[in-house]
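Have a look at the structure below before the remarks.
Side-chain atoms are counted along with the backbone in the values below, which use heavy atoms only and exclude waters and symmetry mates. Every number for a ligand or one of its atoms is a count from 1 in the order of the listing.
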Amino acid sequence: MNESFDVVIVGGAVIGAAAAFFLAEALPRSARVLVLEADPSYTTCATTRSLASIRHQFSTPENVRMSMFGTAFLRQAGERLAVDGAAPAIGFVEAGYLFLATPAGWPTLERNHAVQRAEGAEVALLARAALAARFPWLTTNDLAGGSLGLSGEGWLDAHALMHGFLKKARSLGVQVRAGRVTELCREGARIRAVRLADGGEIACGTVINAAGTGAAALARTAGIALPVQARKRCVFHFRSPEPAPGCPLVIDPTGLYFRPEGQGFVCGIAPPEAEDPECFDFDVPPQWFEERLWPLLARRVPGFEAARLVSSWAGHYDVNVLDHNVILGAHPEVENLLFANGFSGHGLQQSPAIGRALMELVVHGGFRSLDLGAFGWARVIEGRGVREVNVV
Ligand SMILES: Cc1cc2nc3c(=O)[nH]c(=O)nc-3n(C[C@H](O)[C@H](O)[C@H](O)COP(=O)(O)OP(=O)(O)OC[C@H]3O[C@@H](n4cnc5c(N)ncnc54)[C@H](O)[C@@H]3O)c2cc1C
């Protein structure tokens, strides 16, 4: 006889794991929740390859508030996720983000600043002189100034957070299994069961699509076109003999970003649109660091002229090609299939807020803590995106 679960979560990386944790906390112990993960080594998922940073500096109020909840959660992660007294070491470093702007970009920074302050984010606009005084290792002569996160922004260990969610969820009764879902078995307006690669079927009350870059293929099996594509992003780890004291995560007007990591720094830049097709390989383009990044790094921080590349890796963003924001909740045609896909590079920091939101959709049938209705399917179907200016 087929097994049956109240909730089946497809994908057990940070989004699926966060959903499992919040559901396990909220549902009675008799509820049956299952996480199915195709690759329990988690070698190539976005969570593992993430830069794992969190910022409050978005242009959309909902994105600011999701990350602010993320920070509050990360600060308590030790207590919330401890199992038998053992807390996950998520290594949250609150060193801030610094968005730099040329005179042309300054009005946008000011507009975003107003949105962020209205949501309660602790951010400060620094004019060029203040910027130069605070970060003397930075070249500022082409800049109007920058926007600095004063608290709550920084970076963490993504893998530790994901496993912390999973371990706690397991301790509360969630089952986590290896298994690739090959089909969502749809009957009319419902998903009856999920089919696995070994041919088995598991009946379900609700299904959550947390399959990252696998989400569109999964949705297709239920006849739903999800506008999410895998796009390659490369990260480079380098050493610099010159220190950059108090370095936050810096976002340059060119799109270059860098931040400290261990004894060195990590950096990257999104490729231009024309060089950014859907892509499933993990090859790092040769010469990318020397030819594209190094000149930008040295221009912004003269001390990086002597930077030495240590290692590099590629990962995939799950890009919502409509508007670079999450698609959250049920599609109007299928009532018991919840989506949480298309994070486009900011899903790690949103995982606590999204996990909580998915729990509220399952338990209450609607959002309770934070209204994320703007990120539902309606805007996708109508083709009107939620515009987020600060996509990195
Ligand atoms: C280079 C890089 C840098 C990033 N930097 C940041 C950052 O600084 N801050 C931030 O917030 N975010 C960042 N992100 C984005 C963030 O990592 C992702 O948004 C987030 O990890 C998405 O989590 P997920 O669980 O949805 O997807 P994933 O981590 O991709 O996991 C999806 C999981 O689903 C499984 N799966 C897929 N299909 C199936 C199936 N059919 N059956 C069963 N299992 C399946 C996969 O095996 C995988 O484990 C970055 C991403 C990359 C690649």
Just let me know how Ile54 lines up against ligand 1, side chain, backbone, both or neither, with a heavy-atom cut-off below 4.0 Å.
neither

Using side-chain heavy atoms (C-beta onward) and a distance below 4.5 Å, is Arg192 in contact with Glu201?
yes

When you compare the side chain of Val207 with that of Phe5, does any pair of heavy atoms fall below 4.5 Å?
no

Under 4.0 Å from any heavy atom of Val14, which atoms of ligand 1 are there?
21 (O), 23 (O), 25 (O)

List the steps and the verdict of side chain to side chain donor-acceptor pair (under 3.5 Å) for Asn320 and Asn341.
CA-CA 8 Å; Asn320 169 359; Asn341 312 111; over 6 Å; no

How about His163 and Tyr42: are their ring centroids closer than 6.0 Å?
yes

Of the listed options (Ala17, Gly179, Ala211), which comes nearest to atom 43 (C) of ligand 1 when hydrogens are ignored and any heavy atom counts?
Gly179

Element-labelled atoms of ligand 1 that are located less than 4.0 Å from some non-hydrogen atom of His346:
10 (C), 11 (O), 12 (N)

The atoms of ligand 1 lying under 4.0 Å from a heavy atom of Ala46, numbered in the order shown, are 17 (O), 18 (C), 21 (O), 28 (P), 29 (O), 30 (O)

Is the closest N or O pair between Gly214 and ligand 1 shorter than 3.5 Å?
no

Measure the distance from atom 23 (O) of ligand 1 to every protein heavy atom, then report the residue, atom name and distance (to 0.1 Å) of the closest one.
Thr47 OG1, 3.4 Å

Which protein heavy atom lies closest to atom 7 (C) of ligand 1, and at what distance to 0.1 Å?
Ser53 N, 3.5 Å

What is the nearest protein non-hydrogen atom to atom 45 (C) of ligand 1, stated with its residue, atom name and distance?
Ala38 CB, 3.8 Å

Quick one: are the ring centres of Phe238 and Phe304 less than 6.0 Å apart?
yes

Can you confirm whether Trp137 sits close enough to Glu242 that some side-chain heavy atom of one is under 4.5 Å from a side-chain heavy atom of the other?
no

Identify the protein heavy atom lying closest to atom 6 (C) of ligand 1, giving its residue, its atom name and the separation to 0.1 Å.
Ser50 OG, 3.2 Å

Going hydrophobic residue to hydrophobic residue with side-chain gaps under 4.5 angstrom, can you get from Val174 over to Leu166?
yes

Measuring from atom 3 (C) of ligand 1, which candidate in Leu196, Leu51, Asn209 has the nearest non-hydrogen atom?
Leu51

Going by the closest heavy atom to atom 33 (C) of ligand 1, which one wins out of Glu37, Gln350, Arg55?
Glu37

Kindly indicate whether the side chain of Val266, heavy atoms from C-beta on, has any atom under 4.5 Å from the side chain of Leu51.
yes

With Arg356 as the cation and Phe69 as the aromatic partner, state whether NZ or CZ is under 6.0 Å from the six-membered ring centre and within 45° of the axis.
yes

Taking the side chain as everything from C-beta on, heavy atoms only, tell me whether Leu161 gets closer than 4.5 Å to Ser351.
yes

Proximal atoms of ligand 1 relative to Val10 (non-hydrogen, under 4.0 Å)
40 (C), 42 (N), 43 (C)

If the cut-off is 4.0 Å to any non-hydrogen atom of Phe343, which atoms of ligand 1 fall inside it?
19 (O)

Please confirm whether Arg55 makes a cation-pi placement over Phe58, using NZ or CZ under 6.0 Å from the six-membered ring centre and within 45° of the ring normal.
yes

If you draw the axis of the six-membered ring of Tyr317, does the NZ or CZ of Arg231 fall within 45° of it and under 6.0 Å from the ring centre?
no

Write out the residue and atom name of the closest protein heavy atom to atom 25 (O) of ligand 1, then the distance separating them to 0.1 Å.
Ile15 N, 3.1 Å

Between Ala52 and ligand 1, which residue portion shows a heavy-atom distance shorter than 4.0 Å: side chain, backbone, both, or neither?
backbone

Do any N/O atoms on Gly345 end up under 3.5 angstrom from N/O atoms on ligand 1?
yes

Could you tell me the residue and atom name of the protein heavy atom closest to atom 31 (O) of ligand 1, and the distance to it rounded to 0.1 Å?
Ala13 CB, 3.1 Å

Quick one: look up the protein heavy atom nearest atom 1 (C) of ligand 1 and list residue, atom name and how far away it is.
Arg49 O, 3.3 Å

Going hydrophobic residue to hydrophobic residue with side-chain gaps under 4.5 angstrom, can you get from Leu184 over to Leu196?
yes

Answer yes or no: does an N/O atom from Trp313 fall short of 3.5 Å to an N/O atom of ligand 1?
no

Taking 4.0 angstrom as the limit and counting only heavy atoms of Val235, give me the atoms of ligand 1 inside it, by number and element.
1 (C)

Of the side chain and backbone of Ala210, name the one, both, or neither that has a heavy atom under 4.0 Å from an atom of ligand 1.
backbone

Any N/O of Ala340 closer than 3.5 Å to an N/O of ligand 1?
no

Determine whether the aromatic ring centres of residues His324 and Phe343 are separated by less than 6.0 angstrom.
no

Any nitrogen or oxygen of Leu218 lying under 3.5 Å from a nitrogen or oxygen in ligand 1? Just yes or no.
no

Which ligand 1 atoms does His316 reach within 4.0 Å, using its non-hydrogen atoms?
53 (C)

Give the atom numbers and elements of ligand 1 that come within less than 4.0 Å of a heavy atom of Gly315.
53 (C)

So, regarding Gln349 and ligand 1 (criterion: nitrogen or oxygen to nitrogen or oxygen, under 3.5 Å), is there a contact or not?
yes

Of all the heavy-atom pairs spanning Ser240 and Gly303, show the shortest one and how long it is.
OG-O, 3.6 Å

Decide if the gap between the ring center of Phe258 and the ring center of Phe236 is smaller than 6.0 angstrom.
no

Of all the non-hydrogen atoms in the protein, which one sits nearest to atom 34 (O) of ligand 1, and at what distance?
Gly11 CA, 3.4 Å

Would you say that Ile9 contacts Leu23 through its side chain, given a criterion of any heavy-atom pair below 4.5 Å between the two side chains?
yes

Of Leu36, Val35, Val181, Leu249, which has the heavy atom at the shortest distance from atom 41 (N) of ligand 1?
Val181

